[in-house]
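Values below: all heavy atoms of this structure, side chains included; hydrogens, waters and symmetry mates excluded.
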Amino acid sequence: MVSGPRLDFPDQVPYEAYVHAGALHSLQQPLSKDPGEMSFLMVSQVMELWFGLSCHELREAQRLLREDDVWGALAPLRRTKLHLEGLVAAWNGLRWMTPSDFNRFRELLGEASGFQSAMYRHLEFLLGLKSEALIRPFKRQADLYDELTTALAAPSLWDDVTAVLARRGFDIPAEVLTAGHAGEYVPSPAVERAWVEIYRDDRADNPLYVLGEVLADVAEEFGLWRYKHLTAVQRTMGNKIGSGGSSGAAWLTRSMGRVVFPELWSARTVI
């Protein structure tokens, strides 16, 4: 006999108690009566959740790499790649938006801009894209500013990967291992040479080779998200100044020039 789902509960529905769906659905507070603004607001909030989840996975990968568990670190990195695919797909929820659609509520946003997302900054810092200037908007929010200052000074995922290479016998100068902890990372010829050597042994049982390919997947998906961001801005705003005072599309174009895991890509020119 097939029984149906349980329909009576003594207290709160267990799904609600676990997911807090009611709280999530109470967070949408549009500033206009334009029906399209809800899409813009919710897609932005969904992206914030993807940012947070990606950061969670990257920190787990860091923990495992610090324990020298390269094989173990692959699982959270592969999950990160899938989460970033979700981020890329989230832009599809705004493909309907024309300049006229956006202009119906854009002025109500004031100076609010995705440029000001603290969680996105955490994601960039974890991926090795660091800039002290980008935490200035949070100076008057002590908790966020302290968190971002700590993240800026902490090793990135790429720093932890490079430390693994050094422990595995590759000739990585000591100064390279700490160069990216605070401030913009400068690519190292020594790290590039290590990856060239790793890729000469492209067996499926070589953990460093597999790690390189998984990291390339993560970097590629992150790059796709940045490209989709640029095209979404161009589609709705052209080359107007961004809501937060940035140069809009021009800023995003320049930021895309900052490469995630640079030596992993430059090594491919040598291989």
Straight-line distance of [X] [atom1] to [Y] [atom2], nearest 0.5 Å:
| X | Y | atom1 | atom2 | answer |
| --- | --- | --- | --- | --- |
| Met119 | Glu48 | CE | CD | 7.0 Å |
| His83 | Cys55 | NE2 | SG | 11.0 Å |
| Arg121 | Phe51 | CZ | CZ | 9.5 Å |
| Tyr227 | Trp91 | OH | CH2 | 13.0 Å |
| Leu208 | Phe170 | CG | CZ | 6.0 Å |

Got a sec: does the [atom1] of [X] have more than 12 other heavy atoms crowding it under 6.0 Å?
| X | atom1 | result |
| --- | --- | --- |
| Arg95 | CZ | no |
| Arg6 | CZ | yes |
| Phe138 | CZ | yes |
| Gln28 | CD | yes |
| Glu107 | CD | no |

*Arg203 vs Tyr209, side chain to side chain contact (heavy atoms under 4.5 Å, CB included): CA-CA, chis, key distance, verdict*: CA-CA 7 Å; Arg203 294 173 294 117; Tyr209 167 72; over 6 Å; no
Looking only at heavy atoms, what is the nearest atom pair of [X] and [Y], with distance?
| X | Y | answer |
| --- | --- | --- |
| Val70 | Pro207 | CG1-O, 3.6 Å |
| Arg258 | Arg226 | O-NH2, 2.8 Å |
| Pro76 | Leu64 | CG-CD1, 4.1 Å |

Just wondering, do [Y] and [X] contact through their side chains at under 4.5 Å, heavy atoms?
| X | Y | result |
| --- | --- | --- |
| Leu129 | Val259 | no |
| Trp225 | Leu84 | no |
| Tyr199 | Arg268 | yes |
| Leu157 | Leu77 | yes |
| Pro262 | Trp158 | yes |
| Arg235 | Pro99 | no |
| His122 | Arg59 | yes |
| Ser117 | Glu124 | no |

Looking only at atom types and distance, does a side-chain atom of [X] sit under 3.5 Å from a main-chain N or O of [Y], one as donor and one as acceptor?
| X | Y | answer |
| --- | --- | --- |
| Glu263 | Pro189 | no |
| Glu16 | Gly22 | yes |
| Lys130 | Leu152 | yes |
| Trp265 | Val260 | yes |
| Asn206 | Asp201 | yes |
| Gln45 | Leu27 | yes |
| Glu37 | Ser32 | yes |
| Gln116 | Glu111 | yes |

With a 4.0 Å cut-off on N to O distance, would you call [X] and [Y] a salt bridge?
| X | Y | answer |
| --- | --- | --- |
| Arg104 | Asp34 | yes |
| Glu197 | Arg193 | no |
| Asp217 | Arg78 | no |

Looking at the rings of [X] and [Y], which for Trp means the six-membered one, are their centres under 6.0 Å apart?
| X | Y | value |
| --- | --- | --- |
| Tyr120 | Trp50 | no |
| Phe40 | Trp96 | no |
| Tyr15 | Tyr18 | no |

*Could you go step by step and tell me if Leu211 and Trp71 meet the side chain to side chain contact (heavy atoms under 4.5 Å, CB included) rule?*
CA-CA 8 Å; Leu211 175 65; Trp71 288 116; over 6 Å; no
*Group every Ile, Leu, Val, Met, Phe, Trp and Tyr by side-chain heavy-atom contacts under 4.5 Å, then state whether Leu87 and Leu41 land in the same group.*
no
*Do you see a donor-acceptor pair shorter than 3.5 Å between the side chains of Thr98 and Asp101?*
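There is such a pair between these side chains.
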_Test log, rule side-chain hydrogen bond (donor to acceptor under 3.5 Å, both in side chains), inputs Thr162 and Asp159_ = CA-CA 5 Å; Thr162 302; Asp159 291 325; 5.6 Å; no
